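This report concerns only the one structure given below.
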Protein chains: 2
Amino acid sequence: MDYDKQKVASLPTIRRLPAYLTVLRQIDTADKETVSSSYIADKLKLEPIQVRKDIAVTGCEGRTKVGYLVTDLIDAIERYLGWDSNKQAVLVGVGHLGSALLGYPGFMKYGLQIVAAFDASPKVVGSIVHDQKVLPMDDMPETVQQLDIIMGVLTVPAEFAQSVADKLISSGISAIWNFSPVTLEVPEGVVVQNEDLSSGLAVLSVRSSRTRKW
Amino acid sequence: MDYDKQKVASLPTIRRLPAYLTVLRQIDTADKETVSSSYIADKLKLEPIQVRKDIAVTGCEGRTKVGYLVTDLIDAIERYLGWDSNKQAVLVGVGHLGSALLGYPGFMKYGLQIVAAFDASPKVVGSIVHDQKVLPMDDMPETVQQLDIIMGVLTVPAEFAQSVADKLISSGISAIWNFSPVTLEVPEGVVVQNEDLSSGLAVLSVRSSRTRKW
């Protein structure tokens with residue numbers, strides 16, 4: 001595998017790569033050492049050419065009539081996504097969603113570790129949520145700076161999202177995973193990924209209304 | 001507004017429409033009755049032409065130099081997404097994520113009402129989660145049929161996702177909002193929307209690694 005062959009991928013490609021990992025991890029490599037683009041395409045209802053193009057950005061090369069080595073391909077995708085090493089993040093807003101994310105075992109698979117959780121409410125601060133002691137917001141800047149953390153998970157109510165984002169950024173956070181339904185204004189160099197459940201529901205609503213009326 | 005002008009939209013368009021709603025709902029219409037495509041584009045870091053094309057699928061028409069009436073545009077998008085009427089759904093799997101979704105106040109804004117929650121674990125069945133009494137899985141088929149529900153929210157662990165999906169479908173569910181990291185096999189006519197947090201994290205990982213190493 002030649003990592004110099006890694007390319008800059010389009011957003012749709014990047015969004016699909018984790019699904020490839022899910023399919024690959026479901027393969028028992030004791031039974032099946034190699035996998036074809038058609039196999040992955042079939043599982044995810046994509047075109048094989050699309051799968052081959054997406055995989056090409058990771059630098060992993062398949063062989064004609066053999067396909068990709070499953071373990072090689074998993075390594076290549078994880079490396080491309082930066083999921084082969086541990087990344088630390090802080091979470092702000094320990095409500096329903098924040099608590100669910102703190103307890104989500106899947107993040108470790110993506111190399112993401114939430115090392116500290118903060119909340120503004122005195123009712124929540126000090127409580128233990130999924131083995132994390134919730135800390136007061138005032139402690140956030142010091143934690144971020146001492147541990148040199150660059151990623152923040154934002155799960156606060158909409159009306160507080162911008163001010164908390166500002167505070168995260170001034171503390172040194174440069175990547176925000178935003179679960180609040182708000183468009184954040186951030187300075188250049190700060191990356192925001194909005195996780196808006198309503199997008200998925202929109203797609204489901206429209207697609208299912210074509211097959212049958214609600 | 002001419003609803004006959006509604007068109008079939010691409011998936012990226014459908015995914016963007018809820019973000020337009022978020023921007024529009026933040027506008028105080030007592031102050032500002034109309035909105036331009038440039039205003040929306042600026043808030044969401046899109047191109048105005050993209051915004052105009054997306055809005056065109058809803059059948060809502062703007063006027064030159066005036067823009068769209070905010071309330072008209074909200075109505076048109078909600079109607080296009082089918083969010084102007086209530087849709088009932090059942091949820092299966094009352095773990096961390098399932099509980100968070102049951103308590104998510106935002107769903108009502110999208111016209112989605114989770115009317116019953118089911119779980120297989122005797123430890124969870126009978127408990128009250130966000131005002132919903134958790135019911136045993138055996139009650140699911142009857143509930144779905146009696147209330148003529150077509151949508152199921154799937155928040156079970158990966159290893160149970162396919163068998164629970166099969167059970168939902170045989171009970172009459174034809175639209176599944178799947179939060180399990182599994183590719184479901186479903187018969188034709190059943191619509192699945194996968195909500196995979198790892199896609200968003202992938203985008204954030206790759207984009208932020210371009211600006212700075214983790």
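Below, read A as the first sequence line, B as the second, and so on, with proteins coming before strands; counting in each chain starts at 1. Values in this document were obtained by computation on a predicted structure and should not be read as measured data. In what follows, every heavy atom counts, from backbone to side chain, and hydrogens, waters and symmetry copies are set aside.
Across all their heavy atoms, B:Val203 and A:Gln193 have their closest contact at CG1-OE1, 3.1 Å. When all heavy atoms of B:Arg15 and A:Ser199 are compared, the pair lying nearest together is O-OG, 2.9 Å.
Heavy-atom distances place the backbone of B:Leu184, and not its side chain, under 4.5 Å from chain A. Residue A:Ile176 touches chain B through its backbone alone, counting heavy-atom pairs closer than 4.5 Å.
Of all residues in residues 35-47 of chain A, those placing a non-hydrogen atom less than 4.5 angstrom from a non-hydrogen atom of chain B are A:Lys43, A:Leu44, A:Lys45. Within residues 17-31 of chain A, the residues having any heavy atom closer than 4.5 Å to a heavy atom of chain B are A:Pro18, A:Thr22, A:Val23, A:Gln26, listed by residue number.
We find the CD-CG distance between A:Glu195 and B:Leu204 to be 9.0 Å, quoted to the nearest 0.5 Å. Taking OH of A:Tyr80 as the start and OG of B:Ser205 as the end, the distance is 11.0 Å to the nearest 0.5 Å.
More than 12 heavy atoms of other residues, nucleotides or ligands sit less than 6.0 Å from atom NZ of A:Lys32.
Contact count against chain A (heavy-atom pairs under 4.5 Å) is highest for B:Ala202 among B:Gly98, B:Ala100, B:Ala202.
A donor-acceptor pair is defined here as one N or O able to donate and one able to accept, closer than 3.5 Å; such a pair exists between the side chain of A:Arg207 and the backbone of B:Val192.
Between B:Ser198 and A:Trp83, the closest side-chain pair of non-hydrogen atoms falls below 4.5 Å.
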